[in-house]
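Each chain gets a letter, A, B and so on, in the order its sequence line appears, and its residues count up from 1. Keep in mind that what you see is a predicted model, and the values were worked out from it rather than measured.
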Amino acid sequence: MTTLPKRIIKETERLVSDPVPGISAEPHEDNLRYFDVSIEGPQQSAYENGVFRLELFLPDEYPMEPPKVRFLTKIYHPNIDRLGRICLDVLKTNWSPALQIRTVLLSIQALLATPNPNDPLANDVAEDWIADEDAAIAKAKHWTALYACRPPPPSPTGPSETNN
Amino acid sequence: MYVPVMTSCGHNYCYYCISNWLNNNNATELNCPQCRTTIGAMPALNVSLLQTLESLIDVLDKGDPEVASLLAAKEESMNEYKSDVAKNGLYRNVFDNTAVAVVDDDDGVARCSNCHWEVEGSVCPHCHARMRGGVEEHTFNSDEYSDSELEGLEQNLDEYRVRSAEIIEELDSVVGDSDESLAEALDRRFPTRQPRDFLHDEVTNLSDEYYDENKYYRHSSRITSTSEDEEFDSEMDGFIVNDEDDRCDSDEQTDEEFNDVLVRSGSIIRRHGVHKTQNTTGSSGSSDSTDSSNSEIEVIPSTHVNPLEEVSLSITDDEEELRDNRTSSDSHNSDFYEHNDGDGFVSGDSLDDSRIIEIRQHTRKARKKQHAFRKRKFMVLESDDE
């Protein structure tokens, strides 16, 4: 692997030294462009108390191209499909090199707080969401408890195996 | 940041970085990474920021190897910028290589504003310019006209519709009466009308009693086919001369060979026969065919496409004459060649050298006759129709 761009090194350093509350991102040791990410469910949302695991990859063209982010934990959300792909403008058309890993992860956390069923990726979830929001939120809470609520991880690799 | 440039929205970037972004960004708009404002003009070199940078560098310890590498990198970036300026290629020409898709009002097709090529997608397939702002959907914009103008346009359209309906009605009535030629009616209705020559002439030559709507159209189609025939004749002219040269040597041919020639000249004979029919005012079927070769002629498909196809072929005296010519090859009659219009195939056995010159002279004359004959032909056809 060629030398890592200065920008990625700086971003990584800052993510570790000055982490965003509720978000952690650590690069893999064998690939510094690949990050293990966990995001806490925002308070007063259906995903409260959940800890969601994601993977993040910085393509070669980063920061001219957006990072690739995917949910690993199952989640009931209209803008996140069964494979964990995320429908978020800053990850696609609205990417800007002024954005960083931390801002992207913050955007994802904000998306958990405000699901947008009118621009869905998981159509079935969005339909449920529009038809009966309360029931959908209840189901999201149930899924969060089922898949994302692990008691404080007993070991560093604790929550990963069961959540796939 | 070695070469600071500032966008129109006031944000500063390294020249290399912003150039990279503007060229790599697949979005339709060139935009500022900070505020997403569309960048319409090239970011300009921020000289004051550059001076600040220089003064900062001055403070640094030049002996430090890190500072040395920094200065080398700065030098490299500055040279790159200068060379881009020199070769007029700032920002890799991204501002020249972009265009706006303009939708053609006439056909609704989006076109590249650089080269007017039809644009599909976000890149011009001709000049490879990226489309800024995407391909906009341009539909009829009622704002281009005021309400009153639109009403006026609609009224005009209605008036035209009513008027054209009136004209059609009027023409129908005129044609129905049929005691006035359509050409005259049209002239009267539209005084400024310029009659198309061939139509007008032919039409007025024909007597009025043939006018009804359908016949008028049939006339016009026939007139057209006549002119085609004449073109065909002129093409055949050169061919005949050669043909004569080839054939004139063989004075004697067998009956079979002659029949073969007859087959090919079937159309001439037909025309000939009709000529006769006309003289005898439509006495079609006055067949006195006694020879087998004559009956054979009846079923020969004509090699010419001419308007006489539907007229039944009648064996006439002239063809008897033709048969006589065959049996007594010495008694040539130059009239025969005249009647045969000089086009098509002429049988070789009926020619001898002394006649060729004469025939050639006749050919010209015959063509004139033929022309006059064609005009008369219409009369025949019409009387047949009655």
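Under a cut-off of 6.0 angstrom, the local environment of CG in A:Asp89 is crowded, with over 12 non-hydrogen atoms contributed by other residues, nucleotides or ligands. Other residues, nucleotides and ligands place no more than 12 heavy atoms under 6.0 Å from the OH atom of B:Tyr16. Within 6.0 Å of the CD atom in B:Glu54, the count of heavy atoms belonging to other residues, nucleotides or ligands exceeds 12.
Summarising the geometry of B:Gln34 relative to A:Ser96, their closest heavy-atom pair is N-OG, 4.3 Å, with the distance given to 0.1 Å. Across every non-hydrogen atom of B:Trp21 and A:Trp95, the tightest pair is CH2-O, 3.3 Å. The minimum heavy-atom distance linking A:Ala98 with B:Pro33 is given by the pair CB-O, 3.1 Å.
Residues satisfying the salt bridge (charged side-chain N to carboxylate O under 4.0 Å, His left out) test with B:Arg36, not counting sequence neighbours, are none.
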